[in-house]
Amino acid sequence: MMNLKWFTGRMKKIFNVDVKMDEVGYEALDFCHEELDDLLIPAEHLEKLPDPLLLDTLSYVDDKGYEWIAGFVLEDETKRRLYEVWIRNGEQIAYEMYFD
């Protein structure tokens, strides 16, 4: 539920898109670095993240048919956010690293 509120809040604040929580898809998957594509996490960012990593994704298709995906990596023990990526229609539009 917390991730849904975060996603809908960011969509409104950053992209000015209203999202209903019941229209958001959620998935969490474990990946080894070699399984990830540069679209999700570029290699120069990936080298700073744990291997393997858990990637949580939230997705939404708006009324214009645009597919929005937000993905984030959490630190295993503390659940602190390490990395965030935003993709619209298969193209990375924003990212944030929460580490040095």
Side-chain angles (χ1 to χ4, degrees):
M1 181 64 115
M2 181 176 76
N3 291 334
L4 287 173
K5 287 182 181 179
W6 169 83
F7 180 78
T8 58
R10 299 281 279 189
M11 287 290 290
K12 179 64 178 169
K13 181 178 180 179
I14 297 171
F15 304 108
N16 199 30
V17 175
D18 288 314
V19 176
K20 295 178 184 162
M21 280 195 229
D22 63 343
E23 295 178 356
V24 177
Y26 174 81
E27 191 170 25
L29 298 166
D30 286 314
F31 288 102
C32 292
H33 284 192
E34 63 270 5
E35 298 173 309
L36 286 167
D37 173 295
D38 270 2
L39 168 67
L40 283 173
I41 305 174
E44 63 269 17
H45 300 170
L46 194 58
E47 66 189 23
K48 298 176 183 179
L49 294 169
D51 188 10
L53 58 81
L54 179 66
L55 181 67
D56 288 5
T57 61
L58 295 126
S59 60
Y60 171 73
V61 177
D62 67 21
D63 57 359
K64 296 177 185 167
Y66 295 146
E67 180 183 37
W68 298 82
I69 300 172
F72 54 92
V73 177
L74 299 177
E75 188 173 52
D76 221 9
E77 294 174 12
T78 65
K79 302 303 181 208
R80 178 177 65 102
R81 187 163 298 180
L82 299 174
Y83 189 81
E84 176 182 324
V85 62
W86 287 85
I87 298 166
R88 184 179 65 205
N89 289 339
E91 186 176 322
Q92 188 182 100
I93 56 172
Y95 71 88
E96 184 73 34
M97 292 187 283
Y98 296 96
F99 53 85
D100 297 326

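This one's a predicted model, so the numbers in the text were calculated from it and none came from an experiment.
Considering only residues two or more places apart in sequence or on other chains, P52 meets the side-chain contact (heavy atoms from CB on, under 4.5 Å) condition with C32. For L40, the side-chain contact (heavy atoms from CB on, under 4.5 Å) partners are L36, L55, I87, not counting sequence neighbours. Under the side-chain hydrogen bond (donor to acceptor under 3.5 Å, both in side chains) criterion, E23 pairs with no residue, sequence neighbours left out. The salt bridge (Lys or Arg N to Asp or Glu O under 4.0 Å) check on E75 picks up R80, with sequence neighbours excluded. Considering only residues two or more places apart in sequence or on other chains, Y66 meets the ring-ring contact (aromatic ring centres under 6.0 Å, His included) condition with none of them. Under the side-chain contact (heavy atoms from CB on, under 4.5 Å) criterion, D56 pairs with N3, Y26, A28, L54, F72, L74, sequence neighbours left out. Listed by chain and number, the residues in a ring-ring contact (aromatic ring centres under 6.0 Å, His included) with Y60 amount to none (sequence neighbours excluded). Not a single side-chain hydrogen bond (donor to acceptor under 3.5 Å, both in side chains) links D38 to another residue, sequence neighbours left out.
With values rounded to the nearest 0.5 angstrom, E67 atom CD is found 10.0 Å from D62 atom CG. Atom CH2 of W68 and atom CH2 of W86 lie 8.0 Å apart (nearest 0.5 Å). How far CD1 of I41 is from CE of M97: 11.0 Å, rounded to the nearest 0.5 Å. Rounded to the nearest 0.5 Å, atoms CD1 (I69) and CG (L58) are 10.0 Å apart. With values rounded to the nearest 0.5 angstrom, L46 atom CG is found 9.0 Å from E34 atom CD.
Hydrophobic clustering (side-chain heavy atoms under 4.5 Å, transitive across Ile, Leu, Val, Met, Phe, Trp, Tyr) groups L39 together with F31. Cluster annotation: M21 is connected to W6 through the hydrophobic network of ILVMFWY side chains, with a link wherever side-chain heavy atoms come within less than 4.5 Å. V85 and V61 fall into different hydrophobic clusters, defined by Ile, Leu, Val, Met, Phe, Trp and Tyr side-chain heavy atoms under 4.5 Å apart, directly or through other members.
Of all the heavy atoms in S59 and F7, the pair that sits closest is C-CZ, 4.5 Å. Shortest non-hydrogen contact noted between P42 and Q92 is CD-NE2, 4.0 Å. For P50 against L82, the heavy-atom pair with the smallest separation is CD-CD1, 3.8 Å.
D76 CG: 12 or fewer foreign heavy atoms inside a 6.0 Å radius.
With hydrogens and angles disregarded, a donor-acceptor distance shorter than 3.5 Å links the side chain of T57 to the backbone of E27. Here the side chain of H33 pairs a donor or acceptor atom with the backbone of L49 at under 3.5 angstrom.
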Give every donor-acceptor pair under 3.5 Å between a side-chain atom in residues 9-18 and any protein atom, sequence neighbours left out.
| unit_1 | atom_1 | unit_2 | atom_2 | d |
| --- | --- | --- | --- | --- |
| R10 | NH2 | E84 | OE2 | 2.8 |
| K12 | NZ | N16 | OD1 | 3.3 |
| K12 | NZ | D18 | OD1 | 3.3 |

